[in-house]
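See structure below.
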Amino acid sequence: MTSPEDICNEIKRRFTPSKAYRAQRWIAQHAVIEDMYEPVRIVAGLDVAYRRSEEGSIGYGVVAALSYPSMKLVDCEVFINKVCVPYIPGLLAFREMAVLAPALTRLSSRIKPDLLVVDGHGIAHPRRAGIATHVGVVFDIPSIGVAKKRLYGREVTYPDGTYLVDENGNKIAAIITRSGKSKIYVSPGHRLSVKTSSALIRSMLRRGRLPEPTRVADRISKEIRTSLTPRSLPLHRRCGDSSFYSRFS
DNA sequence: GCGACAG
DNA sequence: ATCTTGTCGC
């Protein structure tokens, strides 16, 4: 009898940073950092909220599909499960993919996103394999990472703006600052350039500090967390009905 | 050894 | 990221 507890312990036993680094090198090798994407009609925002419980952390992975460029919520999927992998800087993807991948897979059976906007970095990462790159390559969907804090790279200002640059002087992220708001770091994940990633994210900025897909996914994940406490895990569900969607538009 | 360190 | 009361300011 393999209890959820046994499964989690087995995951912990198998997860080692050294193996994760190897996987990230593979991810980075398969990432395409040039513009190779179709016209964007549907953009998905990905985010994870957590909740403490007796047995550990519960992760609420949310994938919210928005129309582009109108930014209306059209579909949404949530996957809830116990999170067994710890947060280690540089290895965020291995913690969050466990709940994001099942949610994205199920949402994709209903609607195909043309672009993914992920909370965290893309290639602005020590091994060029941040969570946005990770998700983008695994699903082979164009992706962009939007982070609130720097992880890797030097901040340099050029005539056309401020960027994060790597040890070779290559731009790996655009830094966007808006009056009254703290800056955000925009880096390509997969099938996009720094330039285009920045332009796309700028076109999705509305009310808050973050682009709409990320902001909506964040709000939904936190609302689901307080309104839904499953008695058995894992659980995945479509987020809500038409009235639920209209509340986020 | 020391500092840095997405969510 | 989460936990968590009151408090400062528009």
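Below, read A as the first sequence line, B as the second, and so on, with proteins coming before strands; counting in each chain starts at 1. The analysis underlying the following values was restricted to heavy atoms, covering all of them including side chains, and did not include hydrogens, waters or symmetry mates.
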Exercise. Residues two or more places apart in sequence or in another chain: which of them pass side chain to side chain donor-acceptor pair (under 3.5 Å) with A/Asp218?
Worked result: A/Lys222
Table of protein N/O atoms under 3.5 Å from nucleotides 4-10 of chain C N/O atoms:
none

Exercise. Which part of the nucleic acid, if any, lies within reach of A/Tyr87 when heavy atoms closer than 4.0 Å are counted: base, sugar-phosphate only, or nothing?
Worked result: base
Problem set entry | Shared hydrophobic cluster for A/Leu116 and A/Ile201 (ILVMFWY, side-chain gaps under 4.5 Å) | no
Seminar exercise, completed: A/Leu100 atom CG is separated from C/dA1 atom P, nearest whole Å, by 14 Å
Exercise. Quick one: is B/dA6 close enough that its OP1 or OP2 comes under 4.0 Å of any side-chain N or O from A/Lys148?
Worked result: no
For this session: Only counting residues at least two apart or in another chain, list the ones meeting side chain to side chain contact (heavy atoms under 4.5 Å, CB included) with A/Arg13.
Result: A/Glu10
Exercise. Hey, can you pull the residues of residues 206-226 of chain A with a non-hydrogen atom under 4.0 angstrom from DNA chain C?
Worked result: A/Lys222, A/Arg225
Below 3.5 Å between N/O atoms, which protein atoms pair up with nucleotides 1-3 of chain B? Just atom names and distances, please.
none

For this session: Report yes or no: does A/Ser198 contribute a side-chain atom to a donor-acceptor pair with the main-chain N or O of A/Lys195 at less than 3.5 Å?
Result: no
Problem set entry | Watson-Crick or G-U pairs under 3.5 Å in DNA chain B, rendered as dot-bracket with [ ] for crossing pairs and | for another strand | .......
Problem set entry | Residues A/Glu5 and A/Lys82 bridged, charged N to O under 4.0 Å | yes
Seminar exercise, completed: Atom CD1 of A/Ile88 and atom C1' of B/dG7 are separated, to the nearest Å, by 13 Å
Exercise. Are A/Lys183 and A/Glu155 within salt-bridge range, i.e. N to O under 4.0 Å?
Worked result: yes
Exercise. Does any pair with a residue in residues 130-150 of chain A pass salt bridge (charged side-chain N to carboxylate O under 4.0 Å, His left out), and if so which ones, sequence neighbours excluded?
Worked result: A/Asp140-A/Arg191
Exercise. Between residues 115-146 of chain A and DNA chain B, which residues have a heavy-atom gap below 4.0 Å?
Worked result: A/Asp119, A/Gly120, A/His121, A/His125, A/Gly130, A/Ile131
Seminar exercise, completed: Students should find that the hydrophobic cluster of A/Ile175, defined by side-chain heavy atoms under 4.5 Å apart, otherwise consists of A/Ile33, A/Ile123, A/Leu151, A/Tyr152, A/Leu164, A/Ile172, A/Tyr185
Problem set entry | Distance, rounded to the nearest Å, where A/Tyr21 contributes OH and B/dC5 contributes C1' | 11 Å
Exercise. Do other residues, nucleotides or ligands put more than 12 heavy atoms under 6.0 Å from the CD atom of A/Glu38?
Worked result: no
Seminar exercise, completed: note: A/Asp47, atom CG; B/dG7, atom P; distance rounded to Å ~ 10 Å
Problem set entry | A/Lys72 to A/Phe248 six-membered ring, cation-pi geometry met (6.0 Å, 45°) | no
Seminar exercise, completed: Each base of DNA chain C marked ( ) or [ ] if paired in-strand (Watson-Crick or G-U under 3.5 Å), | if paired to another strand and . if unpaired gives ..........
For this session: For the residue pair A/Asp35 and A/Thr196, confirm or rule out a side-chain donor-acceptor distance under 3.5 Å.
Result: yes
Exercise. Among residues 162-185 of chain A, which residues get a heavy atom nearer than 4.0 Å to DNA chain C?
Worked result: none
Problem set entry | NZ (A/Lys112) with more than 12 external heavy atoms under 6.0 Å | no
For this session: Whole angstrom is fine here: how far is it from CZ in A/Arg52 over to C1' in C/dT2?
Result: 8 Å
Exercise. Do A/Ile111 and A/Val78 sit in the same hydrophobic cluster, where Ile, Leu, Val, Met, Phe, Trp and Tyr count as joined when their side-chain heavy atoms come under 4.5 Å apart?
Worked result: no
Problem set entry | Donor-acceptor pair, side chain of A/Ser187 and main chain of A/Ala173, under 3.5 angstrom | no
Problem set entry | Test item: A/Leu210 and A/Val146 side chains (from C-beta on) under 4.5 Å apart, heavy atoms | yes
Seminar exercise, completed: A/Tyr50 atom OH is separated from C/dA1 atom C1', nearest whole Å, by 7 Å
Problem set entry | Touch class at under 4.0 angstrom, heavy-atom based, for A/Arg150 against every strand present | sugar-phosphate
Problem set entry | A/Arg206 (side chain) donor-acceptor with A/Ser203 (main chain) under 3.5 angstrom | yes
Exercise. Quick one: A/Ile58 CD1 to B/dG7 P, roughly how many Å, whole number?
Worked result: 22 Å
Problem set entry | Interatomic distance, A/Leu151 CG vs B/dA4 P [rounded to whole Å] | 14 Å
Exercise. Less than 4.5 Å apart, any side-chain heavy atom of A/Leu235 and any of A/Leu228?
Worked result: yes
Problem set entry | A/Ser57 and A/Arg51 side chains, donor-acceptor separation under 3.5 Å | no
Residues 87-104 of chain A, side-chain donor-acceptor partners within the protein, below 3.5 Å, at least two apart:
unit_1: A/Arg95; atom_1: NH1; unit_2: A/Val85; atom_2: O; d: 2.8
unit_1: A/Glu96; atom_1: OE2; unit_2: A/Tyr50; atom_2: OH; d: 2.9

For this session: For A/Arg215 and A/Leu205, indicate whether the former's side chain and the latter's backbone hold a donor-acceptor pair under 3.5 Å.
Result: no
Problem set entry | Residues A/Arg207 and A/Glu212 bridged, charged N to O under 4.0 Å | no
